[in-house]
Amino acid sequence: MSASIAELPLTRLDEADPELLEELLVVTRQVAEAGAFTLGEHVEGFEADFAGYCDAAEAIGVSSGTSALELALRALGIGAGDEVVVPANSFIATAEAVSAVGATPRFADVDAGSLLLTAETVAAVLTPRVRCIIPVHLYGATVELEPILALAREHGAFVVEDACQAHGARLDGRRVGGLGNAGAFSFYPSKNLGAWGDGGAVVTNDPEVAERVRLLRSHGQPARYQHTIIGTTARLDGLQAALLRTKLRSLDVRTARRRRLGAELRQVLAGMPIELPEAVRSGGDHVHHLFVVRTDSRDALRAHLARDGIQTGLHYPTPLHLTEAYAHLGLRPGALPVVEHAADRVCSLPMFPAMTSGDIDRVAESVSTFDTAREAVAAVG
Ligand SMILES: *Cc1c(COP(=O)(O)O)cnc(C)c1O
């Protein structure tokens with residue numbers, strides 16, 4: 001394709017929506033003029049709105065999705081000697097939070113169709129030391145939580161949802177994040193609800209967990225220079241809270257757009273030599289943070305799309321148990337076969353609310369000529 005055609009990126013941020021951008025710039029000026037940078041009304045206002053949005057009693061703004069997971073675990077009393085079940089096909093933050101509190105991740109495999117954690121894959125790695133399970137609503141698709149919650153109750157373990165990719169997704173009609181003991185959200189700029197920097201939130205219906213997270217994020221101080229527990233600095237910035245509060249009002253519109261784009265992509269890619277994301281199961285949801293296809297010729301597909309100016313991503317190329325960071329746990333290739341097989345086959349296609357039907361057609365056209373391209377690559381190789 002000619003070089004004059006602009007690249008189709010994997011994602012676009014707020015600059016893709018000029019009206020929203022203007023609104024956010026006004027908010028930025030207001031926060032700057034008031035000097036309302038730390039905690040205060042913007043953070044409290046956003047927390048109330050976000051808790052309401054998630055159908056949860058409380059939301060606590062924190063500095064990132066990683067710190068949301070970490071503080072939720074600390075608030076639940078997870079620490080040294082404990083194990084926490086984590087799917088091996090997540091962003092590494094899910095495991096890092098476990099390590100940060102001094103506990104050890106127990107990496108689990110996932111369902112081959114959905115690529116999500118299930119009660120069966122959790123049960124396969126349960127030990128007496130497991131005190132918590134972290135299901136990840138990966139790519140924006142909902143984990144079937146009920147059987148995992150039942151297993152956790154039976155085992156005496158907590159459940160912390162990693163909802164960092166699934167803002168607003170519904171499971172049997174209820175928003176994710178508030179369905180277990182706590183839920184963690186990330187507002188990293190490219191997430192479905194993104195700030196202009198880092199941010200996150202813990203959502204919970206447990207007032208004690210909420211109180212502890214509130215203390216932990218700000219030096220364990222219920223009042224200035226009164227320190228009741230040892231905390232840290234992990235607050236959501238006032239500026240980010242004000243921006244997020246504004247963007248939350250139109251999140252469902254952008255999510256509906258993602259769902260529609262996901263359906264369009266499925267339609268135009270049907271019958272092509274790639275595996276599409278599994279259809280949403282009854283009672284589940286998919287808010288399409290990412291649109292991930294699978295193929296045995298993944299690297300050839302990426303090269304082919306790149307030649308047509310289409311960016312792709314890998315979520316995630318290395319299973320967590322095979323990263324250098326977690327080599328000390330001693331898990332070898334073959335330990336978690338579904339995750340390992342998927343890691344070599346996944347390819348994320350462009351997905352963002354400002355994507356157009358023209359963009360969709362462009363992806364479809366490129367993929368439709370992929371088979372030939374793969375043969376060409378195979379001939380050269
Ligand atoms: C983004 C993400 C995180 C971490 O969020 P940060 O805000 O980047 O710290 C954790 N888990 C998952 C599944 C994520 O996608």
Side-chain angles (χ1 to χ4, degrees), residues 10-11 13 46 50 59-74 84-101 105 107-108 110 114-117 132-143 145 159-169 176-177 180 182-203 213 216-217 232-237 239-241 243-244 247 255 258 277 286-292 313-321 323 325-326 339 342-343 346 348 351-352:
L10 186 61
T11 191
L13 307 178
F46 172 67
F50 194 63
I60 304 96
V62 297
S63 55
S64 69
T66 309
S67 61
L69 287 164
E70 182 183 336
L71 298 193
L73 293 171
R74 281 179 71 183
V84 177
V85 176
V86 169
N89 64 335
S90 185
F91 182 52
I92 194 167
T94 316
E96 282 176 319
V98 174
S99 303
V101 304
F107 290 117
V110 294
S114 67
L115 298 182
L116 300 172
L117 204 66
C132 186
I133 300 164
I134 307 185
V136 179
H137 301 294
L138 194 71
Y139 308 150
T142 48
V143 173
L145 271 187
V159 171
V160 173
E161 287 173 81
D162 182 335
C164 289
Q165 301 188 358
H167 314 69
V176 299
F185 287 89
S186 166
F187 305 125
Y188 182 76
S190 63
K191 298 293 163 83
N192 285 24
L193 180 61
W196 286 2
D198 285 303
V202 175
V203 160
V213 171
L216 287 167
R217 75 168 171 186
T232 186
T233 300
R235 295 174 295 257
L236 178 65
D237 289 337
L239 175 60
Q240 306 302 352
L243 295 169
L244 290 165
K247 289 182 71 177
T255 299
R258 285 179 184 270
H286 201 323
V287 292
H288 282 301
H289 171 58
L290 295 167
F291 191 93
V292 178
L314 297 180
H315 301 90
Y316 295 91
T318 309
L320 296 179
H321 64 291
T323 60
Y326 283 106
V339 166
V346 288
S348 308
M351 167 55 72
F352 51 92

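Just so you know, ligand 1 is whichever comes first in the structure, and atom 1 is the first atom listed for that ligand.
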Relative to the heavy atoms of [X], which atoms of ligand 1 are at a distance of less than 4.0 Å?
X: V136; result: 13 (C)
X: T94; result: 11 (N)
X: G65; result: 5 (O), 6 (P), 7 (O), 9 (O)

May I ask you to identify, for [X], whether its side chain, its backbone, both or neither come under 4.0 Å of ligand 1 on a heavy-atom basis?
X: S64; result: both
X: D198; result: neither
X: D162; result: side chain

Whether D237 side chain and L239 backbone form a donor-acceptor pair below 3.5 Å:
no

R258 side chain vs H288 backbone, donor-acceptor pair below 3.5 Å:
yes

Suppose we measure from [atom] to each protein heavy atom; which comes out shortest, and what is that distance?
atom: atom 15 (O) of ligand 1; value: Q165 NE2, 2.8 Å
atom: atom 8 (O) of ligand 1; value: S186 OG, 4.0 Å
atom: atom 1 (C) of ligand 1; value: K191 NZ, 1.5 Å
atom: atom 9 (O) of ligand 1; value: T66 OG1, 2.5 Å

Can you tell me how far the [atom1] atom of [X] sits from the [atom2] atom of [Y], to the nearest 0.5 Å?
X: T11; Y: K191; atom1: OG1; atom2: NZ; value: 11.5 Å
X: L244; Y: W196; atom1: CG; atom2: CH2; value: 11.0 Å
X: T66; Y: L71; atom1: OG1; atom2: CG; value: 10.5 Å
X: H286; Y: T255; atom1: NE2; atom2: OG1; value: 12.5 Å

By ring-ring contact (aromatic ring centres under 6.0 Å, His included), which residues pair with F50, not counting sequence neighbours?
F46, F185, F187

Once ring-ring contact (aromatic ring centres under 6.0 Å, His included) is applied, do any residues pair with Y326, and if so which ones, sequence neighbours excluded?
F107, H328

Pairs of nitrogen or oxygen atoms closer than 3.5 Å, one from A93 and one from ligand 1: do any exist?
no

Examine ligand 1 and decide if any of its atoms is less than 4.0 Å from a heavy atom belonging to S90.
yes

